[in-house]
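No hydrogens, no waters, no symmetry mates; every other heavy atom, side chains included, goes into these values. Just so it is clear, the structure is predicted and the values come from calculations on it, not from any experiment.
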Amino acid sequence: MISSDSEDELYTERTALMSANASAMPSYQDKDGAPGSANIQANRRRSAANQPTNPVEGSSSTEGGPTSRDAVGEAEEEEEEELILKYGAKHVIMLFVPVTLCMAVVVVTIKSVSFYTEKDGQLIYTPFTEDTDSVGQRILNSILNTLIMISVIVVMTIILVLLYKYRCYKFIHGWLILSSLLLLFLFTYIYLGEVFKTYNVAMDYPTLILIIWNFGAVGMVCIHWKGPLQLQQAYLIMISALMALVFIKYLPEWSAWVILGAISVYDLIAVLCPKGPLRMLVETAQERNEPIFPALIYSSTMVWLVTMAKRDVGTEEPLNNTCNAANYPDVEIETNHYAAQGSDDVSDMPQTQIQGVRHSAAVGEELEEEKGVKLGLGDFIFYSVLVGKAAAGASGDWNTTLACFIAILIGLCLTLLLLAVFKKALPALPISITFGLVFYFSTDNLVRPFMDTLAFHQFYI
Amino acid sequence: MPGAVFFGCTFIAFGPALSLFLFTIAREPLRVILLIGGAFFWLVSLLLSSVVWVVAVQLSDKNNAIMQKGLLIFGVIFSVLLQELIRFGYYKLLKKANEGLLAITREEIMPISVQQLAYVSGLGFGIMSGAFSVVNILADSLGPGTVGIHGDSSHYFLLSAFMTLAIILLHVFWGIVSFDACEKSKWWALAAVVLSHLVVSSVTFVNPQYEGSLIPVYIITLTMGIWAFFTAGGSVRNLKLCVTCRDKDFLLANQRPR
């Protein structure tokens with residue numbers, strides 16, 4: 001039904017890109033390669049201009065790393081490994097909270113606003129109807145729908161990667177801005193309209209325009225430019241929830257489940273295979289020491305590190321320039337030493353800025369070296385789609401919703417554990433979605449009759 | 001007020017669990033993760049026992065009401081045993097993980113003690129168990145309806161909430177006692193936990209004669225609570241110190257000047 005081009009690009013690039021970028025965590029990657037960061041610092045001292053640090057170099061420097069760290073090496077390694085653990089648990093919670101919030105918003109909306117569970121047609125990407133006579137035909141249609149959807153996503157991702165590779169930044173930014181505009185204004189307007197209808201709230205257009213204008217404008221500023229971190233996180237959660245609601249409404253029943261399964265497989269392939277589009281995107285971004293577009297990734301922390309004494313800190317460079325994704329290693333504990341030492345012989349150290357620098361910090365000091373985790377917005381969207389579908393499902397059973405919720409959280413936990421072990425960008429969808437699907441179908445079909453019978457007799461287990 | 005029953009029953013059932021969570025678990029990321037892990041494992045045990053029950057029901061004669069009830073009772077007992085087995089399994093897993101962690105970090109102290117593990121996992125089991133028992137009932141209580149219109153008890157919601165509260169607390173106590181029993185190889189204590197779980201579940205077979213079920217359950221809850229208190233290292237002296245705010249360790253930990 002709704003089939004504007006921008007919406008097409010909107011969700012495809014979000015899901016395609018972000019779901020794979022799930023736990024792109026350069027800081028973990030170079031982590032106990034704080035030698036990696038040492039290397040970067042050394043590079044910078046040598047020449048401000050060229051920053052090779054491509055992945056291959058990075059890893060080789062990692063191997064040569066421990067030797068170059070002599071004195072501080074041993075103790076730091078231990079400290080850093082213990083810190084991996086401590087930071088690991090904290091990072092998991094830093095992702096649990098937004099994922100839970102997003103899912104909660106979606107579930108509450110689904111349960112209260114009936115608009116999102118009404119069947120009002122389908123998107124053009126899922127052209128085959130599910131109102132068929134036989135089960136076999138329905139399955140076939142679902143599979144065809146899935147194939148079409150996945151191929152659209154693959155094509156969009158490849159286009160995005162090509163655009164990025166050939167440095168068509170303006171085009172990409174225009175695309176992203178258009179899609180955020182759509183989400184922040186149009187979808188919010190529809191959402192508010194439906195909520196008001198559900199609760200029978202009288203609302204006039206001037207007030208509505210004021211509300212939506214403020215909401216949307218602040219959202220655009222926060223997401224694409226600068227804003228308080230928590231506000232940005234809140235907006236990202238809200239647009240993920242809105243997108244998930246759109247999916248829940250317009251994807252037909254069985255197609256949605258098959259699509260969820262297929263996109264987890266795609267995510268796995270795209271992020272882990274050497275020629276996978278998302279892996280290429282991440283690697284290109286790292287090669288160029290650029291952050292991946294802020295509008296597509298949820299970042300749990302803002303990282304600032306200023307290690308300069310002589311440059312004027314007041315001149316902040318725009319977000320899409322020298323921002324150094326590989327700077328994230330800089331915020332490990334070890335880099336305190338390096339930065340401290342470095343700020344002594346400061347002469348030619350270029351200004352280092354991290355994506356999302358919001359304030360100009362005091363000159364010559366280091367500030368917060370909080371580490372963070374990043375999760376792609378597509379992951380938020382698909383987790384919420386799964387839980388929302390469980391809540392909207394035929395039985396409307398809360399047990400199923402709870403089970404899927406716990407399954408997804410555990411999957412995320414395991415993914416982050418793997419991240420801590422493997423230290424490179426990992427797909428966040430497969431494990432969680434697999435658990436979620438398994439628990440959805442088993443809870444809906446096996447646990448529900450059992451619990452219903454128990455509740456009927458008031459037996460407790 | 002619409003939803004008075006809903007809010008009342010929700011807070012009866014989940015109030016203590018929520019406050020336990022907020023005051024002792026919410027600030028520690030590791031404990032939150034272990035809590036959710038505990039919930040997950042309880043879910044797994046429920047899943048497995050449901051599979052067994054559904055298979056048994058499919059294979060049996062659906063019209064025979066007595067057989068269905070018998071199968072249900074069998075399902076309950078099997079589920080209880082499986083839950084305790086999974087609790088033991090979770091204990092083993094946590095011990096192994098803890099050892100692994102110690103090996104990696106080369107630290108002397110574990111980031112979390114066994115008693116804390118026991119408490120957190122018990123709470124996880126309890127919250128999930130309580131949620132699965134009562135959430136659908138609570139959701140129904142929001143909608144229009146008359147309770148017990150066909151002559152059943154009109155206190156259905158309230159008593160379900162109380163039962164859920166008991167179950168949540170019981171899981172916490174069972175967790176503490178059983179982990180301690182596993183640590184010190186006190187197999188009789190472990191057997192006692194399993195037995196008390198069986199008794200609690202079996203006692204609910206007499207519902208809706210609530211006097212017959214709720215009172216024994218609460219007596220068992222109290223007993224297990226006292227047992228868990230002493231297992232976790234509490235004593236009458238500790239209690240007195242704590243209540244009169246003279247417990248120096250606790251105060252130091254919370255940095256309250258005294």
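Here the side chain of Thr204(B) pairs a donor or acceptor atom with the backbone of Tyr460(A) at under 3.5 angstrom. Although no hydrogens or angles enter the test, the distance criterion places no donor-acceptor pair under 3.5 Å between the side chain of Asn136(B) and the main chain of Asp397(A).
Per-residue heavy-atom pair counts under 4.5 Å with chain A were compared for Val203(B), Val135(B), Val57(B), Val206(B), and the maximum is reached by Val135(B). When Val76(B), Val80(B), Val32(B), Val51(B) are compared by the number of non-hydrogen pairs under 4.5 Å with chain A, Val76(B) comes out ahead. Heavy-atom pairs under 4.5 Å with chain B peak, among Ile93(A), Val447(A), Asn399(A), Leu454(A), at Asn399(A). Between chain B and the residues Leu402(A), Leu446(A), Ile410(A), the largest count of heavy-atom pairs under 4.5 Å involves Ile410(A).
How far CG of Leu43(B) is from OG of Ser442(A): 8.0 Å, rounded to the nearest 0.5 Å. Here the CD1 atom belonging to Ile36(B) is positioned 4.5 Å from the CZ atom belonging to Phe96(A), to the nearest 0.5 angstrom. Note that the CZ atom of Phe459(A) and the NZ atom of Lys69(B) stand 4.5 Å from one another [nearest 0.5 Å]. In this structure, His457(A) NE2 and Ile73(B) CD1 are separated by 9.5 Å, a value rounded to the nearest 0.5 Å.
Counting non-hydrogen atoms of other residues, nucleotides and ligands closer than 6.0 Å to CD1 of Ile149(B) gives a total of 12 or fewer. Within a 6.0 Å sphere centred on CD of Gln230(A), other residues, nucleotides and ligands contribute 12 heavy atoms or fewer. Heavy-atom contacts from other residues, nucleotides or ligands closer than 6.0 Å to CG of Leu22(B) number more than 12.
What you find for Met451(A) and Phe132(B) is that their closest heavy atoms are CE-O, 3.5 Å. Closest approach of Tyr156(B) and Gln458(A) over heavy atoms only: CE1-CD, 3.3 Å. Of all heavy-atom pairs spanning Pro29(B) and Ala89(A), the tightest one is CB-O, 3.4 Å. Nearest heavy-atom pair across Ser49(B) and Phe450(A) is OG-CE2, 4.4 Å.
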(message) Run the side-chain contact (heavy atoms from CB on, under 4.5 Å) test on Ile137(B) and Trp398(A) for me, step by step, so that the C-alpha distance in whole Å, both residues' side-chain angles and the decisive distance to 0.1 Å come before the verdict.
(response) CA-CA 10 Å; Ile137(B) 298 175; Trp398(A) 281 95; over 6 Å; no
(request) List the steps and the verdict of side-chain contact (heavy atoms from CB on, under 4.5 Å) for Leu46(B) and Ile461(A). (result) CA-CA 9 Å; Leu46(B) 178 67; Ile461(A) 51 170; 3.5 Å; yes
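When heavy atoms are compared at a cutoff of 4.5 Å, Ile167(B) approaches chain A solely by way of its side chain, counted from C-beta outward. Heavy atoms closer than 4.5 Å to chain A are found in both the backbone and the side chain of Ser133(B). Heavy-atom distances place no part of Gln68(B) under 4.5 Å from chain A, backbone and side chain included. For Ser213(B), no part lies near chain A; criterion is any non-hydrogen pair under 4.5 Å.
No side-chain heavy atom of Leu409(A) sits under 4.5 Å from any side-chain heavy atom of Phe40(B).
Within the structure, every pair that satisfies the salt bridge (Lys or Arg N to Asp or Glu O under 4.0 Å) test and touches residues 447-461 of chain A, not counting sequence neighbours, is listed here: Asp444(A)-Arg448(A).
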